[in-house]
S.K.: 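Before we start, here is the structure in question, set down as structure tokens.
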Amino acid sequence: MGKPKAIDYATLLLLAFIWGSSFILMKKALHQGLAPLQLAALRMVMAGFALSPLLYTAVRSVKMKDLKYLIVVGLTGSGIPAILFAIAQTHINSSLAGILNALTPLSTFLIGIALFQVSFQRNKLLGVLLGLAGALQIVFAQSSSTHISTAGNNNLYALLVIIATFCYGISVNTVKQYCSHLSAPVITCVSMLMLFIPALSYLLLSNFAHTYTTVPSIRISLWFVAFLGFFGTALANVLYFRIAQRTSALFASSVTYMMPLVALGWGVADGEILMWWHLLAFGCIIFGIYISNK
């Protein structure tokens, strides 16, 4: 690991734009008629196709003892969160999903302590509490506006995003503790391979083919999902793992500061309305991340 260079900062900005744009793309794909599980499965299939040129070399680099950890990385780093975000965004705004996603570093910290024997640092407790307070403020916020999608009965859908951040925490800790000897493309390629066949099988066995032929808007949504699969999943994961290896995990995790800003920008441009307590909650989460990283 070395000092970040100009290319590392440029990569970080690109990664923030790609991941920050994922939430509005999921929203658009869902609004064009895709069901949540279809969206998640298509995303995994397209990511698998994007990574297929690396498959032969990647598989040869992996030993049998690595497979169980890569399965965990695939499920918790891509598969399960893709499903949770797709379901959640049928009821919450893309900008709020982006804000809640900022909990990922704090979730990673808590998962590390609970499951991976990471040493507890008392000075990080305040950061965790601030971040969780911000998230709970969003989850339990009440509003009479129909535009505020976390109101009332939709609180549980915001919780799905929080669960997804804990899945990311399991994935990152697994990579750090058990997969550090593997390169970023190998980790991404093989972990996604574990999801490709189940995702493709689901699409073939479900009514996706019938929906595709009878709902013309589905074809538009495929462009959004293509970006999610090729860039938001395949390329982004490779960039993230590689930048962490080139610099440090702390530098790579700073993408979390920028992603919600991109998501907020897209949401406001799409007409989503945020109340003052959502912005206050966002500030609590970001400040909590800052304190926990000090």
Side-chain angles (χ1 to χ4, degrees), residues 1-2 4 12 15 19 58 61-85 100-136 159-195 236-257 259 284-294:
M1 293 185 294
L12 199 69
L15 190 58
W19 269 341
S61 304
V62 174
K63 298 179 180 179
M64 288 298 297
K65 65 177 183 178
D66 299 321
L67 290 180
K68 59 183 177 181
Y69 301 119
L70 292 174
I71 290 173
V72 173
V73 172
L75 286 173
T76 59
S78 297
I80 296 174
I83 295 173
L84 293 176
F85 272 106
L100 288 171
N101 186 69
L103 281 171
T104 298
L106 303 182
S107 301
T108 301
F109 174 62
L110 293 176
I111 289 293
I113 294 172
L115 301 179
F116 291 86
Q117 291 79 50
V118 174
S119 59
F120 176 75
Q121 298 177 13
R122 186 178 300 177
N123 62 332
K124 293 190 175 186
L125 180 60
L126 177 59
V128 172
L129 293 177
L130 280 172
L132 292 178
L136 291 175
L159 283 174
L160 294 180
V161 178
I162 298 177
I163 294 172
T165 68
F166 279 91
C167 289
Y168 289 143
I170 295 173
S171 176
V172 171
N173 279 289
T174 301
V175 169
K176 181 178 180 181
Q177 188 156 334
Y178 300 111
C179 304
S180 58
H181 60 288
L182 299 173
S183 68
V186 168
I187 295 172
T188 305
C189 187
V190 178
S191 63
M192 288 304 305
L193 174 65
M194 308 296 179
L195 304 176
N237 280 331
V238 173
L239 290 177
Y240 182 75
F241 291 137
R242 179 163 292 175
I243 199 173
Q245 291 173 339
R246 281 175 54 88
T247 57
S248 67
L250 181 60
F251 179 79
S253 68
S254 62
V255 69
T256 309
Y257 292 97
M259 282 172 53
C284 285
I285 293 172
I286 294 300
F287 190 53
I289 296 171
Y290 171 76
I291 291 177
S292 67
N293 280 339
K294 283 183 66 64

S.K.: Could you report the tightest heavy-atom contact between Arg242 and Ala184, atom names first, then the distance?
M.R.: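 Distance-wise, the nearest heavy atoms are N-CB, 3.5 Å.
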S.K.: Under the side chain to side chain contact (heavy atoms under 4.5 Å, CB included) criterion, do Met194 and Leu67 qualify, and how do the steps go?
M.R.: CA-CA 9 Å; Met194 308 296 179; Leu67 290 180; 3.5 Å; yes
S.K.: What distance do Leu160 atom CG and Ile80 atom CD1 have between them, rounded to the nearest 0.5 Å?
M.R.: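 Here the rounded value is 12.0 Å.
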S.K.: To the nearest 0.5 Å, how far apart are OG1 in Thr104 and CZ in Phe109?
M.R.: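 Thr104 OG1 to Phe109 CZ: 15.0 Å, rounded to 0.5 Å.
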S.K.: Closest approach of Ile286 and Ala102, non-hydrogen atoms and distance?
M.R.: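 Smallest interatomic distance, heavy atoms only, reads CD1-CB, 4.4 Å.
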S.K.: I'd like to check Phe166 versus Ile170 (side-chain heavy atoms, cut-off strictly below 4.5 Å). Are they in contact?
M.R.: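 When only atoms from C-beta onward are counted, Ile170 and Phe166 do not touch, as no gap falls below 4.5 Å.
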S.K.: May I ask you to test the Tyr168-Asn101 pair for a side-chain heavy-atom distance under 4.5 Å?
M.R.: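 Yes, at least one pair of side-chain atoms sits under 4.5 Å.
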S.K.: Would a 4.5 Å heavy-atom cut-off, applied to side chains only, mark Asn173 and Leu115 as touching?
M.R.: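 No, too far: nothing below the 4.5 Å cut-off.
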S.K.: How close do Gly288 and Leu130 get, heavy atom to heavy atom, and via which atoms?
M.R.: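 Looking at all heavy atoms of both residues, the closest pair is CA-CB, 4.0 Å.
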S.K.: Using 0.5 Å steps for rounding, measure from the OG atom of Ser191 to the CG atom of Leu193.
M.R.: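 Separation between the atoms: 9.0 Å.
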S.K.: Considering all heavy atoms of both residues, which atom of Ala135 and which atom of Ile162 are nearest to each other, and what is their separation?
M.R.: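 Taking every non-hydrogen atom into account, CB-CD1, 4.0 Å.
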S.K.: Quick one, Leu12 and Ile243 - any side-chain contact, counting heavy atoms below 4.5 Å?
M.R.: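 Counting from C-beta outward, Leu12 and Ile243 do come under 4.5 Å.
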S.K.: Would one find more than 12 heavy atoms of other residues, nucleotides or ligands at under 6.0 Å from atom CZ of Phe116?
M.R.: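 Atom CZ in Phe116 is crowded, with more than 12 foreign heavy atoms closer than 6.0 Å.
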S.K.: Answer yes or no: is there a side-chain heavy-atom contact under 4.5 Å between Val186 and Asp66?
M.R.: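 Result no, sub-4.5 Å side-chain heavy-atom pair not found.
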S.K.: For the pair Tyr178 and Tyr69, name the ring-plane relationship: parallel under 30°, tilted 30 to 60°, perpendicular over 60°.
M.R.: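 Tyr178 vs Tyr69 ring planes: parallel.
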S.K.: Distance from Ile71 atom CD1 to Thr174 atom OG1, nearest 0.5 Å?
M.R.: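 One finds 12.0 Å between CD1 of Ile71 and OG1 of Thr174.
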S.K.: Drop me the distance from Ser78's OG to Asn237's CG, to the nearest 0.5 angstrom.
M.R.: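 Interatomic distance, Ser78 OG to Asn237 CG, rounded to 0.5 Å: 4.5 Å.
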S.K.: Which distance, rounded to the nearest 0.5 Å, do you find between the OG1 of Thr108 and the CD1 of Ile111?
M.R.: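 The distance works out to 8.0 Å.
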S.K.: Search all heavy atoms of Gly131 against all heavy atoms of Leu103 and return the closest pair with its distance.
M.R.: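 Closest heavy-atom pair between Gly131 and Leu103: O-CD2, 3.3 Å.
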S.K.: Is the shortest heavy-atom distance from the side chain of Leu84 to the side chain of Val161 under 4.5 Å?
M.R.: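 A side-chain contact under 4.5 Å is absent here.
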S.K.: Between Pro81 and Cys167, what is the shortest heavy-atom contact and its length?
M.R.: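 Of all heavy-atom pairs spanning Pro81 and Cys167, the closest is CG-CB, 3.9 Å.
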